[in-house]
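To find a chain, count down the sequence lines: A is the first, B the second, and so on, and within it residues start at 1. These numbers were taken from a predicted model, which means no experiment stands behind them.
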Amino acid sequence: MRVLLKSVHVVDPAAGRNGEFDVLIEGSRLVHIEKNLEAGDARVVELPRGFIVTPGLIDIHVHLREPGQEHKETVASGTAAAVAGGFTAVACMPNTTPVNDSASVTQFILKRAAEAELARVYPIGAVSMGSKGAQLTEIGDLVKAGCVAITDDGRPVETALLMRRALEYASMFGIPVIDHCEDPSLKGDGVAHEGPTAAMLGLKGIPGAAESIMVERDISVAELTSGRVHIAHMSARQSLRAVREGKTRGVNVTAEVCPHHFLLTDESLTTGQAYDTNFKMNPPLREEADRAAMMQGLVDGSIDVISTDHAPHHADEKALEFDHAPFGIVGLETAVSLCLDRLVHAGMISLSRMIELLAPNPARVLGLPGGSLTEGAPADITILAPDASVTVRASTFRSKGRNTPFDGWTLKGAVAATIVNGRVVYVNAPVLGRAALVP
Amino acid sequence: MSTVASVTSLRSRHLLGIQDLSSPEIDLVLQTAFVMKEVGTRPIKKVPTLRGRTIINLFFEPSTRTRMSFELAEKRLSADTLGMTTAGSSVSKGETLLDTARTLEAMSPDMIVIRHGSSGAPHQLARICRASIVNAGDGLHEHPTQALLDAFTMLERKGRLAGLKVAIVGDLLHSRVFRSNALLLTKMGAEVRACAPATLVPAGLAGLGIHVTSSLAEAVDGADVVMMLRLQLERMQGLYLPSMREYFELFGLTPRALERAAPDAIVMHPGPMNRGVEIDSEVADGPWSVILDQVANGVAVRMAVLYLLAGGEGEGGDK
């Protein structure tokens with residue numbers, strides 16, 4: 001079956017496209033992206049004015065919770081959330097139960113993803129067995145099974161020696177080490193950013209230095225090993241400074257930031273409902289200077305990727321006392337609208353730069369296919385309605401997690417539809433209407 | 001009574017923290033406490049004010065003086081009271097805090113007095129309970145009735161709060177007594193000097209208009225009130241302090257250290273004291289000490305709080 005997206009506005013920064021094109025899809029493949037294509041026997045689809053066709057968006061930091069924590073999320077519910085959020089692919093973190101430290105767990109996740117048949121799933125393996133920081137995983141085996149990177153996310157790699165060995169060993173397979181940077185002794189049992197807000201709320205603090213110390217350490221270790229380190233969910237301005245300096249020195253370091261860290265500060269803990277655990281995540285919401293630095297890093301190009309750190313938890317878990325509730329918020333179904341509204345419409349970055357942060361750059365960091373609309377490649381496409389208004393309603397999320405700090409926010413910019421492998425896997429009916437894409 | 005209250009009731013039906021009280025509201029509580037204190041001097045120390053009201057004392061942390069003080073206050077107001085003390089957090093108990101609260105709510109109490117090891121626990125209760133919630137200490141956050149009884153004691157002894165020089169000395173980082181006192185005293189126009197080892201100073205205090213120092217001499221200099229905080233002995237394990245001996249050497253309140261204070265300075269301590277760690281026995285038992293007045297005043301202040309939260313009326317009165 002052939003479908004022609006006729007005269008649609010394509011924004012594909014990696015291919016240098018930003019304008020009107022015809023996009024021809026045949027079965028699961030993209031066949032042609034040109035101006036003025038003949039429709040032939042293809043079904044012609046026109047999109048409403050202002051809609052944007054982009055390469056499928058990729059979120060490289062997602063917790064799908066399966067196996068073992070299916071009450072929080074499953075591969076099926078998580079990938080349903082992904083496509084509803086405009087993501088055609090996600091990379092999932094290994095802190096499941098059991099930890100993804102062996103090929104069998106990796107294969108299980110991929111099997112579940114194939115059954116769900118929604119977003120592509122790229123498993124990330126653990127650095128150490130059980131993420132306990134002692135013994136390296138069989139990284140070669142993990143890569144063979146389908147892992148695209150390694151990390152002990154959720155738990156920092158405590159010793160510089162283990163980080164060194166991981167970077168050296170992973171470099172044989174061309175994969176990066178994703179680094180959850182946090183000095184455990186400085187973090188202690190902190191639950192919020194160390195500063196006046198936490199002090200007044202009586203919450204134990206986590207200083208920005210708990211993160212940046214390890215960013216600095218691991219950039220030095222990467223320099224030593226010529227390995228590739230990717231800094232996960234960066235939040236502190238000192239970390240950004242270290243990343244900039246590392247890049248200037250030619251170290252193989254990349255970095256990602258999550259929407260909550262460039263949009264919110266710890267003051268949210270006092271302005272809304274006090275002690276709302278939907279504002280508890282790790283790293284914590286930091287102070288204004290940090291938030292502004294993260295935004296600046298997106299603008300000036302020193303940050304490579306926007307990820308969500310989608311971390312669903314059960315409502316019962318988030319209803320515990322602030323000290324006891326787990327860290328983390330969901331992000332898959334809010335990220336694109338937040339970026340369109342607060343980055344693009346707010347004039348911080350161009351739409352093209354936003355796509356860069358959400359498609360080609362994530363693909364480059366993890367060495368994934370996609371990130372650009374390529375003739376002959378699988379048809380992974382996201383369609384955006386940048387001017388449509390949406391109100392975030394946690395109760396309607398596809399994710400099992402409802403733990404978002406953005407509930408009730410009205411934002412300009414929506415995902416209209418998501419196409420994976422030529423299949424329309426999500427249509428935002430109020431924005432687009434199903435008939436337009438599927439006969 | 002030195003000042004006249006300009007409000008006659010509290011805006012909120014909960015007392016979650018000093019943070020939420022205006023200075024006229026603080027004044028109202030203190031003035032009401034003077035009346036309640038008189039009740040405690042009568043041969044029959046009981047008034048019918050809260051007859052028929054039910055108050056649950058829900059203590060998730062061990063407490064002797066605060067729990068007894070609340071209980072006595074409740075009994076003197078003729079409320080029906082029952083207590084529930086549970087060791088450890090709700091998590092280790094296997095029932096969540098909110099489930100415990102809902103269970104108690106089903107018994108229709110009028111008030112729940114809660115002490116909990118996690119900051120913000122009373123706020124979570126206040127969101128789901130019809131009963132008035134009284135914070136009897138939450139985590140590292142606040143202990144509002146302690147600050148009110150401390151202010152009452154200062155007012156009783158000094159006749160004013162505005163302009164008083166108050167030194168608060170000890171583990172500021174982990175002290176809810178400090179937070180509530182700092183908030184109350186700055187709201188009422190007192191000058192607060194906070195003194196602690198640099199390892200036990202919370203971030204961002206300066207923004208509160210508090211003078212922070214690690215010199216006991218500087219904090220005590222000319223002070224009208226010197227408030228010593230309890231040092232939790234487990235702080236030695238957290239790398240905060242090298243030894244109790246050195247702590248006493250640098251921060252312990254001795255008669256000699258007190259020589260720099262105002263001649264009529266008073267010494268306070270929320271208890272329980274570690275004699276020879278933060279305070280010398282000679283000071284604790286000396287003429288400066290109002291530590292037992294604090295205990296006595298705690299009952300009167302808690303009576304005032306419960307009375308005002310119940311609507312500030314006698315039997316049958318409600319908001």
Return a table of donor-acceptor pairs under 3.5 angstrom between the side chains of residues 262-269 of chain A and protein atoms on other chains or two or more places apart.
| from | atom 1 | to | atom 2 | distance (Å) |
| --- | --- | --- | --- | --- |
| A:Thr265 | OG1 | A:Glu267 | N | 3.3 |
| A:Ser268 | OG | A:Thr265 | O | 3.1 |

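For chain A, the option among B:Ala121, B:Ser175, B:Gly204, B:Gly117 with the highest count of heavy-atom pairs below 4.5 Å is B:Gly204. When B:Pro202, B:Ser119, B:Ala203 are compared by the number of non-hydrogen pairs under 4.5 Å with chain A, B:Ser119 comes out ahead. Contacts with chain A were tallied for B:Arg176, B:Glu142, B:Arg127, B:Gln19; B:Arg127 has the most, counting heavy-atom pairs under 4.5 Å.
Partner B:Leu21 forms a side-chain contact (heavy atoms from CB on, under 4.5 Å) with one of B:Ile26, B:Leu16, B:Leu184 and no other, that one being B:Ile26. The side-chain contact (heavy atoms from CB on, under 4.5 Å) with A:His310 is formed by just one residue from the set A:His63, A:Glu73, A:Arg65, A:Met93; it is A:Glu73.
Aromatic rings of B:His116 and B:Phe59 (six-membered ring for Trp) have centroids beyond the 6.0 Å cut-off, not under it.
Contacts between residues 187-200 of chain A and chain B, counted as heavy-atom pairs separated by less than 4.5 Å, involve A:Glu194, A:Gly195, A:Pro196, A:Ala199, A:Met200.
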Mind running salt bridge (Lys or Arg N to Asp or Glu O under 4.0 Å) on A:Glu70 and A:Lys72 for me, showing each step along the way?
CA-CA 5 Å; A:Glu70 292 84 355; A:Lys72 296 175 194 261; over 6 Å; no
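At a threshold of 4.5 Å between non-hydrogen side-chain atoms, the residues B:Arg115 and B:Asp138 do not count as touching. Counting heavy atoms from C-beta on, the side chains of B:Met273 and B:Arg230 never come closer than 4.5 Å.
Using a 4.5 Å cut-off between heavy atoms, B:Leu183 contacts chain A through its side chain alone, with no backbone atom that close.
Defined by atom type and a distance below 3.5 Å, a donor-acceptor pair is present between the side-chain atoms of A:His180 and A:Glu182.
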